[in-house]
Amino acid sequence: MHEAFAAQVLCTLKAWKDPTYCKDVLGRDAVLGEIDPAKINVKGSSLAYGHPFAATGARILGVTAKLLSEQANKRALISVCTAGGMGVAALVESAA
């Protein structure tokens, strides 16, 4: 995840564990659950690697592809901020 929107991700992770939020906002009878923090930013992100302006997405995608080729994991979720306060998320899946 790109640290520029880390606060949003942390709020979302907290909301997924909240029964009231999941019921009132998401219309779910049960919480979505918790994501193991050890699975988030396993290799750091933009701040950890230095912020290569306009290349953050390529770096995050490249590191993710390398991780998927080296591990038994078949999928990864990445997120990157874009100019103007927007963001993009993508599910990356290994072909093998």
Side-chain angles (χ1 to χ4, degrees):
M1 118 180 68
H2 189 284
E3 284 90 346
F5 287 105
Q8 177 61 51
V9 173
L10 294 173
C11 289
T12 300
L13 292 174
K14 184 175 180 179
W16 286 355
K17 298 185 292 185
D18 184 291
T20 303
Y21 178 85
C22 287
K23 182 168 181 55
D24 294 349
V25 178
L26 301 179
R28 298 181 55 91
D29 291 329
V31 297
L32 285 170
E34 190 169 356
I35 295 176
D36 179 0
K39 293 182 177 183
I40 299 175
N41 274 10
V42 295
K43 294 288 185 182
S45 192
S46 300
L47 297 179
Y49 279 90
H51 191 300
F53 186 72
T56 303
R59 194 213 38 86
I60 289 175
L61 181 59
V63 169
T64 300
K66 185 173 188 318
L67 285 171
L68 289 175
S69 73
E70 295 174 345
Q71 299 176 4
N73 300 334
K74 298 297 178 197
R75 291 182 198 94
L77 178 67
I78 62 174
S79 67
V80 181
C81 73
T82 63
M86 298 179 288
V88 174
L91 180 62
V92 182
E93 188 169 22
S94 172

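Owing to the predicted nature of the structure, the values given are computational and were not obtained by experimental measurement.
Under the side-chain hydrogen bond (donor to acceptor under 3.5 Å, both in side chains) criterion, Lys17 pairs with no residue at all, not counting sequence neighbours. Shown here are the side chain to side chain contact (heavy atoms under 4.5 Å, CB included) partners of Asp36, two or more places apart in sequence or in another chain: Ala38, Lys39. Residues forming a side-chain hydrogen bond (donor to acceptor under 3.5 Å, both in side chains) with Thr12 (at least two apart in sequence, or on another chain): Gln8.
The two residues Cys22 and Ala30 make their nearest non-hydrogen contact at CB-O, 3.8 Å. Contact between Trp16 and Ile35 at its shortest, heavy atoms only, is CZ3-CD1, 3.6 Å.
Residue pairs meeting the salt bridge (charged side-chain N to carboxylate O under 4.0 Å, His left out) criterion with at least one member in residues 71-81, sequence neighbours excluded: Arg75-Glu93. The salt bridge (charged side-chain N to carboxylate O under 4.0 Å, His left out) pairs that include a residue from residues 22-31 number zero, where partners must be two or more places apart or lie in different chains.
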Which pairs of donor and acceptor atoms, one on a side chain in residues 61-70, lie under 3.5 Å apart (sequence neighbours left out)?
unit_1, atom_1, unit_2, atom_2, d
Thr64, OG1, Ile60, O, 2.7
Lys66, NZ, Glu70, OE2, 2.2
Ser69, OG, Lys66, O, 2.8

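Tyr21 is connected to Leu13 through a chain of hydrophobic side-chain contacts under 4.5 Å among Ile, Leu, Val, Met, Phe, Trp and Tyr, so both are in one cluster.
Atom CG of Leu32 sits about 11.0 Å away from atom CG of Asp18, to the nearest 0.5 Å.
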